[in-house]
Amino acid sequence: MLEDEYQLDFFSENGFVRKQCSKCGSHFWTRDTERATCGDAPCDPYSFIGNPVFKKTFDLAEMREYFLNFFEERGHTKLERYPVIARWRDDIYLTIASIADFQPFVTSGQVPPPANPLTISQPCIRLSDLDAVGRSGRHLTTFEMMAHHAFNKKDEELYWKDRTVELCDELLNSLGVDPMAVTYKEEPWAGGGNAGPCVEVLVGGLEIATLVFMDLKQSKDGEIVIKGENYQKMDNYIVDTGYGLERFVWASKGSPTIYDAVFPNIVNELMNLAGIEHELDNSEYANILSQNARLAGLMDVSEKANLFELRKQVAFSIGTTVEKLSSIMEPVETIYAITDHTRCLTFMLADGVIPSNVKAGYLARLVLRRTLRMMKDMGITIPLSDIVKMHAHNLPEYPEFQEKLDVIEDILYHEERKFADTLERGKRMIQKSAKHYKEAGEKIPLDTLIEMYDSHGIPPEISKQAASEVGVDVDLPDNFYSLVAEGHSKAEEKEVKVFPYAERVSKLPKTKKLFYDEPTRMNFESVVLDIFDNHLVLDSTFFYPEGGGQPADHGTITVEDVVHKVIDVQAVGGVVVHILDEIKDESHIRKGDMAFGKVNEERRMAHACHHTATHIVNDAARKVLGDHVWQAGAQKFVDKARLDISHYKRISQEELNQIELIANRTVMENQRVTAEWMDRIEAEKKYGFGLYQGGVPPGSIIRVLKVADDIEACAGTHCVNTGLVGPIKMLKTERIQDGVERIEYAAGLAAVRAMQQMESYLSQSADALRVRPEHLPSTIERFFNEWKEFKKENQRLKEDLAHVHVMQMANEAVNIGDVRLVAAVVPNADIDELVKIAGELATNKDIVVLLASDSAGVKIAGAAGVDSLKAGADAGKLVRKMSEIVGGGGGGKPGMARGGGVDVDKIDEALEVGRNLLEEQISN
RNA sequence: GGGCUGGUAGAUCAGGGGAAGAUCGCUACCUUGGCAUGGUAGAGGCCUCGGGUUCAAUUCCCGACCAGUCCA
């Protein structure tokens, strides 16, 4: 990055000098001509701890208010915060910076900003430094990025670098920061395909703000190279600032850690619950924490080795041992982490993240389980929701937290129980396996630990502990988690569907989509713009292309009296491509030809019904289950449709019935369905991000569809009022992922057909049992019970029968050497019977039994008593040989075997062969 | 979106192509004044469901459903 980028008039007019840090070599601007270092860690240690840099102290609410007012007074529009879950984006789950609110469409210039310039305090969640939270004294999973943004265009500039730095300097001065102590360090910024010059603002060793001047975008031919990537200048350039609210509060208080500055009351309460004396007034104790924070500021403590180094240095400076220091620090650090993590959960859950095993929900569960484990370690036994409530009460400036508390409590209750179950199950598993290895005198292999974690969610530390309770040792390598990851890295090829004619299509003008204007019209005329193979592009069309979970229309297109079937329709960058089933010999379609289209009405109407029904069901589900319900996907078919929603437990039958009732009531109220093309930002302001439940559409103008109380950006075709949807019949629910429920239903004629189908199942079942449908449940229960009793009865009878046979047959035994053979055909006996008889006969020690029957082919059973076994008899081999004779196979153990075949005529032969083979066996 | 594990008695789980098992719990009886305990006997299983392979499937294969879990 060029040095010129940082030569600002503001600096030169205000007595700043550009210097190079004597330690790290980076350049920085300062008013202090004597200064040698840049002010950033590790070149400068924290000096603000115990020595606040502001005139007065602020808490979160005060600081936020001060900042926003400061920029509002200077011409910025104050904006409400966005959710911490990035609903308006499909590339990230969580909001990681204030600028994320405006990506991608505002930053790209496609969509005008909601206000310009603007100021906002955006809660952000970053889980990348999870291990450092609590330990470093400064890391948080959740923080608020206070910001002011200005979106400039080539010919329309609001302000740029000078004004931005000036505002920052003015803000700091107004807070009473010593101007000589502030440094602006040059640090080019790059991320997410953009880049630009940037200055970090440092006071007292702490980075409290970052001022990014985003004016570059990634480009292969770009001439500017940053961190190995090529960039070029953009036509629109953006002031992207980030002021850390929590860091400002920390700097104002000068407390040993950021946690003691941001949520001191909750930290204290949890310390009490854990029985830790957290007395910051105690100078010795405060000194330990301060030393720790100062040194931790200089290193990355998520690395185990660094943490040990930190401990060593702090222990040395206060004259104690690492062990002693660790025993003091670890519990305190854990409490800090719990406090932080629970605040993170408060934001996530209140903004509608449902803990789950996929997507953002997984991140919530990750944090949640981490927290539960730490609470257990610290002996904190109150429900997790109690801590979340503390945060909610602590943050009255977020009234939405209060409203959601009931649902949050319910979610947390479920999650806590679930995790307890998982751990319980895991403990049993590992101990069982531990016993196994103990007997073998071995350690538990690493593979087992990996499986415990990967497949069963048991952290290796817990496995180790559980195993040691049984007295088995476990080797736990430091790189455990990377070993787990290795097991996952078996390459997965992804098939990316590439539209074959994208290049050619991109040169065509966008197709006029007339199906929005006249949703009921099915016949139309248009002009052929282009055709390649069987892909036809028209000037305008009534064919709906696949999208938004709605399949493409089918129908016909006639050109020059030749009728072509349309089998698929796709939209490629605004151009609708009709895919024909075949190009016939007689068709000579040319550019400029008139084309006559006819859309298959039945298919279209079925899709429209199901699409409108989907919005109705979504609305009903939210009314029944709660506001946390969020569409996670949907698909429409001709005969049914399905909707996936986020919900933290199974939908009960009663709830489903309720949803069905409400949905059908909406239908009967025959409400108007309206669609309106709206400015994107305006729509977001008016309706919130619920708009994007069905996906995030591109562009500055979006189609806002209102069905009942459901308002979404939707490009599908719909019924013009809810009455046209017809009946909505719920078919089933399915849990496709933890935290995601799938509801399947049919609407319109499809619903009627579904009901008829169900009815026919019912009447067929009722007919079979010769009862009326309403008597089915009781009758079936009776039948089932009777069937079970008959089965038992049958079993008993067979045993009795076997007994009778045994008495007879034992007398008919023939002596062969030292053993007695019973060889007989038992007519009509099934295999179970044969086995029973044989088994019982063989309780006579010297008997060998060979039985056959002719039920359903040939069945053969053989058994041998213990003495006959000693004499050499092997029922397994006998039966195998005999079964071969009758064209089958068989086998078993020497004492008991079964087999069979198909050749009924050879039963006697088989018995004869068995007898001969037995003679051979015992003569050896 | 990708991957992994499991579904057997009321509970927790063994087993495994050739007569369904253990432990706890349950019922009855014995031991006791009563309970704890200790005996003895017994009840309780469409081995999740649907296909396939086989002479034979609870067991192997495919699919569905249910449950658990890791990762992007």
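Convention: sequence-line order gives letters A, B, ...; per-chain numbering from 1. Side-chain atoms are counted along with the backbone in the values below, which use heavy atoms only and exclude waters and symmetry mates. None of these values were measured; they are calculated from a predicted model.
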(message) Check whether T141(A) reaches the backbone of V133(A) with its side chain - one donor and one acceptor, N or O, closer than 3.5 Å.
(response)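 Pair absent, no side-chain N/O of T141(A) close to backbone of V133(A).
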Give every pair of a protein N or O atom and an N or O atom of nucleotides 61-66 of chain B that lie under 3.5 Å apart, one pair per line with the distance.
from	atom 1	to	atom 2	distance (Å)
rC65(B)	OP1	E734(A)	OE1	3.3
rC65(B)	OP1	E734(A)	OE2	2.9
rC66(B)	OP1	R650(A)	NH2	3.4

Between [M] and [N] - [atom1] atom distance, rounded Å:
| N | M | atom1 | answer |
| --- | --- | --- | --- |
| rG39(B) | rA64(B) | P | 49 Å |
| rG63(B) | rU59(B) | P | 16 Å |
| rA36(B) | rA19(B) | C1' | 40 Å |
| rA43(B) | rG34(B) | C1' | 27 Å |
| rG52(B) | rG45(B) | P | 28 Å |
| rG17(B) | rG25(B) | P | 33 Å |

(message) Let's test this: given Watson-Crick or G-U wobble pairing with both distances under 3.5 Å, identify the partner of rA22(B).
(response) rU12(B)
(request) Write down the partner of rC60(B) under the Watson-Crick or G-U wobble criteria, each distance required to be under 3.5 Å. (result)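 By the stated definition (distances under 3.5 Å), rG52(B) pairs with rC60(B).
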Are [X] and [Y] close enough for a salt bridge, meaning some N to O gap below 4.0 Å?
| X | Y | value |
| --- | --- | --- |
| K418(A) | D738(A) | yes |
| K859(A) | D854(A) | no |
| E793(A) | R796(A) | yes |
| K788(A) | E786(A) | no |

(message) Test side-chain hydrogen bond (donor to acceptor under 3.5 Å, both in side chains) on T614(A) and Y745(A); report intermediate values, then the result.
(response) CA-CA 9 Å; T614(A) 299; Y745(A) 46 89; 2.7 Å; yes
(request) Counting heavy atoms from C-beta on, name the nucleotide in rA56(B), rU69(B), rU12(B) closest to the side chain of R428(A). (result)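 The answer is rU12(B), which lies nearest to the side chain.
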(message) Measuring from atom CG of L656(A) to atom CD of E654(A), what distance do you get when rounded to the nearest 0.5 angstrom?
(response) 10.0 Å
Taking distance alone, no hydrogens or angles, what donor-acceptor pairs closer than 3.5 Å link side-chain atoms of residues 443-457 of chain A to residues at least two apart or in another chain?
from	atom 1	to	atom 2	distance (Å)
K443(A)	NZ	D475(A)	OD2	3.4
D454(A)	OD1	H488(A)	NE2	3.0
D454(A)	OD2	H488(A)	NE2	2.7

Can you find a pair of side-chain heavy atoms, one from [X] and one from [Y], that are under 4.5 Å apart?
| X | Y | answer |
| --- | --- | --- |
| D832(A) | R898(A) | yes |
| E833(A) | V826(A) | no |
| I462(A) | R373(A) | yes |

(message) Output the rounded distance in Å from CG (N357(A)) to C1' (rA72(B)).
(response) 13 Å
(message) For V358(A) and L363(A), find the nucleotide of RNA chain B closest to each by heavy atoms; which residue's nucleotide sits nearer the 5' end?
(response)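 The residue closer to the strand's 5' end, by nearest nucleotide, is V358(A).
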Scan nucleotides 41-45 of chain B against the protein and return all N/O pairs shorter than 3.5 Å with their distances rounded to 0.1 Å.
from	atom 1	to	atom 2	distance (Å)
rG44(B)	OP1	K792(A)	NZ	2.6

(message) Does anything in residues 413-427 of chain A come within less than 4.0 Å of RNA chain B? Heavy atoms only, and list the residues if so.
(response)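 Listed by number, they are K418(A), T422(A), R425(A).
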(message) How would you summarise protein contacts on nucleotides 4-10 of chain B per nucleotide, using B for base, S for sugar-phosphate only and - for none, with heavy-atom distances below 4.0 Å?
(response) BS-----
(request) Between protein and nucleotides 14-27 of chain B, map the contacts as a letter string: B base, S sugar-phosphate only, - none, heavy atoms under 4.0 Å, written 5' to 3'. (result) S---BB--------
(request) Please check if any side-chain donor atom of E789(A) sits under 3.5 Å from a side-chain acceptor atom of N785(A), or the reverse. (result) no
(message) Checking R428(A) against E424(A) for the salt bridge (charged side-chain N to carboxylate O under 4.0 Å, His left out) test, could you report, in this order, the C-alpha distance in whole Å, the side-chain angles of both residues, the deciding distance, and whether it holds?
(response) CA-CA 6 Å; R428(A) 276 198 308 265; E424(A) 178 64 29; 3.7 Å; yes
(request) Report yes if the distance between the aromatic ring centroids of W88(A) and Y692(A) is under 6.0 Å, otherwise no. (result) no
(request) Using the salt bridge (charged side-chain N to carboxylate O under 4.0 Å, His left out) rule, take R642(A) and E734(A) through it: C-alpha gap first, then chi angles, then the decisive distance, then the call. (result) CA-CA 10 Å; R642(A) 57 173 205 232; E734(A) 198 181 314; over 6 Å; no
(message) Applying a 4.0 Å non-hydrogen cut-off, can you work out what V879(A) is touching in the nucleic acid: base, sugar-phosphate, or nothing?
(response) nothing
(message) Under 6.0 Å from the ring centre and within 45 degrees of the ring axis: does the NZ or CZ of R782(A) meet both conditions for the six-membered ring of W787(A)?
(response) no
(request) Please assess E840(A) against K836(A) for the test salt bridge (charged side-chain N to carboxylate O under 4.0 Å, His left out), listing each intermediate value before the final yes or no. (result) CA-CA 6 Å; E840(A) 195 157 339; K836(A) 280 213 161 65; over 6 Å; no
